[in-house]
Amino acid sequence: MAQISLTFPDGNARDFPAGVTPAQVAADISNSLAKKAISATVNGAHWDLAWPIDADAEIAIHTMKDDAQALELIRHDMAHVMARAVQEIWPEVKVTIGPVIENGWYYDFDRQDPFTPEDLGAIEARMKEIINRRDPVTTEVWARDRAVAFYEANDEPYKVELIDAIPGDKPLRMYWHGHWQDLCRGPHLQHTGQLPADAFKLMSVAGAYWRGDSDRPMLQRIYGVGFKNRDDLRKYLNFLEEAEKRDHRRLGREMDLFHMQEVAPGQVFWHPNGWSIYTTLQDYMRRKQRAGGYVEVNTPQVVDRKLWEASGHWDKYQEHMFIVEVDEDHAREKTMNALKPMNCPCHVQVYNQGLKSYRDLPLRMAEFGSCNRYEPSGALHGIMRVRGFTQDDAHIFCTEDQIESECAKFIDFLTSVYKDLGFDSFEIMFATRPEKRVGSEESWDHVEKALEQAIKATGNDYTLDPGEGAFYGPKLDFKLTDAIGREWQCGTFQVDPNLPERLGATYVGEDGAKHRPYMLHRACLGSFERFIGILIENASGKLPFWLAPRQVVVASIVSDADDYVNEVTAALKAAGLRAEADTRNEKINYKVREHSVGKVPVILAIGQREVEERTVTLRRLGEKQTQVRPFADVLDDLAKEAVPPDLR
RNA sequence: GCCGCAGUAGCUCAGUGGUAGAGCGCACCCUUGGUAAGGGUGAGGUCGGGAGUUCAAUCCUCCCCUGCGGCACCA
């Protein structure tokens with residue numbers, strides 16, 4: 001029999017007969033490893049212990065200690081166990097697919113009636129039973145015809161469709177535990193008993209389209225989370241609780257920031273506290289942009305459909321636009337308009353006024369542009385996904401040669417903004433030419449290269465996102481990570497030669513001839529509404545001092561201190577701080593609690609002693625300790641602390 | 001938009017085929033209290049909207065609206 005050579009992670013190599021399985025290799029090394037082994041990596045591929053190896057290879061045997069592989073196998077097999085449990089309880093249910101996702105898995109079923117929360121309990125109980133049966137897992141490679149015949153006989157149409165979609169040269173793996181089987185590429189654990197019966201939980205039921213296509217049937221999806229042990233599961237459930245506590249909708253109410261109501265779905269009613277955050281952030285961005293060489297403009301909300309037709313948006317996005325028809329008797333002209341869903345066509349109109357010279361480029365035109373989009377009802381989510389929002393939008397008109405330096409400049413700009421706002425790192429996604437696109441290959445080559453060079457010039461890494469660019473040009477998306485590890489795509493940078501073309505933007509070059517500028521769409525925050533939601537959740541409501549809507553509350557302990565409280569408050573306000581006096585007839589305990597819940601960063605408590613000594617007792621949010629200090633000093637410190645980061 | 005769930009006082013929620021209740025909040029009174037809820041009294045509800053069944057609907061049925069969890073979407 002032919003021998004093959006297997007190289008282990010420590011560099012040692014040994015010979016085995018061709019067709020040896022990782023299980024046999026493990027057994028050859030030690031009994032205990034054979035027992036503990038769960039899978040292997042063979043030449044970089046995650047490999048089932050039972051799959052034969054036919055040629056020289058690098059091999060690593062995994063145990064439950066290898067998190068990545070262990071979790072992959074656990075979640076994967078959990079999905080199968082769940083599907084088996086469902087079919088054991090309801091044999092008529094049809095199975096479809098069930099992939100591993102972050103923290104767990106889901107499985108989509110075709111079933112007449114949706115699953116209820118009570119059903120989840122029954123399924124969980126059955127899953128535990130199945131795990132305890134310790135059924136061995138086996139995989140078999142079947143011929144395509146046999147598999148199709150099998151699934152047709154079992155009335156599993158979705159599986160037949162899946163097989164049809166698998167390329168002809170790929171082996172079809174049939175996966176069995178006990179009498180239950182599923183089509184699956186593997187790898188798998190050796191038996192279901194290797195699954196931790198106390199470290200998973202079925203979380204929710206939801207509808208999901210078959211193959212993610214809204215024209216196809218709606219299936220019933222069950223989500224589960226699974227870990228190696230009970231502790232990890234508990235940690236994850238705690239994380240979810242923590243995320244819920246940070247929910248901006250809840251904090252928005254508790255901190256009295258904004259509300260939303262039925263008369264304006266998807267739009268924000270900003271309260272004084274929330275609007276304070278908004279304007280503080282906007283003032284900051286305005287200063288940054290001025291310093292960054294942008295000019296600021298403002299353009300109309302209601303714009304004739306002719307412009308949207310010219311820009312191409314009418315064709316593509318009409319469904320998502322708020323249409324405003326002026327068709328009343330009193331109107332002189334009957335027109336059809338749309339609320340602007342974006343600012344770029346209007347910016348081109350500003351650009352097009354007067355003749356532009358190459359000397360005017362790059363022209364960086366910014367607008368805090370209020371936009372309205374008729375988002376599908378199901379997409380709305382607090383202030384994160386709304387129908388009326390304001391972008392920190394800008395368009396840079398430039399020549400092809402300027403793209404690279406403008407891109408690098410923007411990345412630096414964005415880095416500085418994110419840092420000021422408390423996000424130290426972000427990820428760059430580089431989306432390149434999609435299949436359906438306009439423009440010449442040479443132009444794509446050049447522009448993509450310019451973006452890549454620009455990223456490198458700023459010393460950042462990027463993740464390639466092939467084929468995900470806009471039809472008119474490549475783009476960069478910037479994702480920041482929040483305090484509990486969630487990612488948010490906020491910034492964007494898109495190269496667009498198309499819109500200037502459609503809307504007839506030109507500049508006069510050195511040669512005296514007219515040329516077409518490029519347009520770079522860019523944003524840092526995305527929308528103020530969404531970004532403020534992110535800020536709130538990132539900080540758990542405890543916003544940095546300069547952004548906090550109420551920075552200081554001055555609270556009296558006894559009513560004899562009221563005059564001094566008012567005096568202190570007035571002095572704080574005069575120094576530009578957002579301060580409030582609280583002289584209500586309540587105990588200091590009560591006031592401290594209320595303003596702590598309201599996330600006020602600093603409480604100055606004033607009783608008889610402070611009045612006499614011209615001091616204040618300072619208490620910072622989240623700290624139990626207080627400090628008694630002369631008010632003049634405190635005023636000085638707080639005024640410094642309130643300076644926005646760009647002015648320090 | 002699709003699937004499921006929900007909508008009762010400002011907020012969080014209980015409740016019943018015979019037109020409603022708690023806690024917090026709010027108002028007033030007592031209390032002047034030293035760092036996360038002092039006490040008392042009181043006001044406050046077209047039970048999301050519309051239609052139907054019924055002697056009678058907040059409750060049952062249907063339609064709509066809005067929200068929530070997903071899916072799809074996100075220029």
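Sequence lines set the chain letters: A, B, ... in the order given, protein chains first and strands last, and positions in each chain run from 1.
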If you find the nucleotide of RNA chain B closest to A/E610 and the one closest to A/Y472, which residue's nucleotide is nearer the 5' end? A/E610
Considering only heavy atoms and no angle criterion, is a donor-acceptor pair shorter than 3.5 Å present between the side chain of A/T626 and the base of B/U35? no
Taking the six-membered ring for Trp, are the ring centroids of A/F478 and A/F423 within less than 6.0 Å of each other? no
Has the side chain of A/Y209 got a donor or acceptor that lies under 3.5 Å from a partner of the other kind on the base of B/G1? yes
Quick one: is A/H381 getting a side-chain N or O under 4.0 Å of the B/G69 phosphate, OP1 or OP2? yes
Does A/V558 or A/G266 map to a spot on RNA chain B nearer the 5' end, using the closest nucleotide for each? A/V558
Quote, to the nearest angstrom, the P distance that separates B/G15 from B/U54. 29 Å
Close aromatic pair by centroid cut-off 6.0 Å: A/W270 and A/F528: no
For A/Y590 and B/G38, do the ring centres fall under 5.5 Å apart while the planes stay under 30° apart? no
Starting at atom CZ of A/R216, determine the distance to atom C1' of B/C71, rounded to an integer number of angstrom. 15 Å
Any A/R221 side-chain N or O less than 4.0 Å from OP1/OP2 of B/G69: no
Look at the side-chain N and O atoms of A/S377 and state whether any lies under 4.0 Å from the OP1 or OP2 oxygen of B/G1. yes
It should be established whether A/R253 places a side-chain nitrogen or oxygen under 4.0 Å from OP1 or OP2 of nucleotide B/U12. yes
Pairwise C1' distance, B/A22 and B/C68 [rounded to whole Å]: 24 Å
Lys/Arg cation over aromatic A/F227: A/R75, 6.0 Å, 45° cone: yes
Name the one of A/F493, A/F430, A/F426 that satisfies ring-ring contact (aromatic ring centres under 6.0 Å, His included) with A/Y462? A/F430
When we call it a touch if two heavy atoms are under 4.0 Å apart, what does A/P265 touch: a base, just sugar-phosphate, or nothing? sugar-phosphate
Considering only the C1' atoms, how many Å lie between B/G39 and B/U31, rounded to the nearest integer? 8 Å
base_contact_polar (B/C74 base, A/R373 side chain, donor-acceptor, <3.5 Å): no
Distance criterion of 3.5 Å, no angle test: do you see the side chain of A/T116 paired donor-to-acceptor with the base of B/G4? no
Using the C1' atoms only, state how far B/G48 lies from B/G7, rounded to an integer number of Å. 6 Å
Quick check on A/E102: does its CD atom have over 12 non-hydrogen neighbours (other residues, nucleotides or ligands) under 6.0 Å away? no
How about A/L464 and A/T432: do any of their side-chain heavy atoms sit closer than 4.5 Å? yes
Any strand, both distances under 3.5 Å, Watson-Crick or G-U wobble: B/A22 pairs with B/U12
Distance between the P atoms of B/C47 and B/A9, in whole angstroms? 10 Å
The Watson-Crick or G-U wobble partner of B/G67, with both key distances under 3.5 Å, is B/C5
Under 3.5 Å donor-acceptor pair, A/R387 side-chain atoms to B/C74 base atoms: no
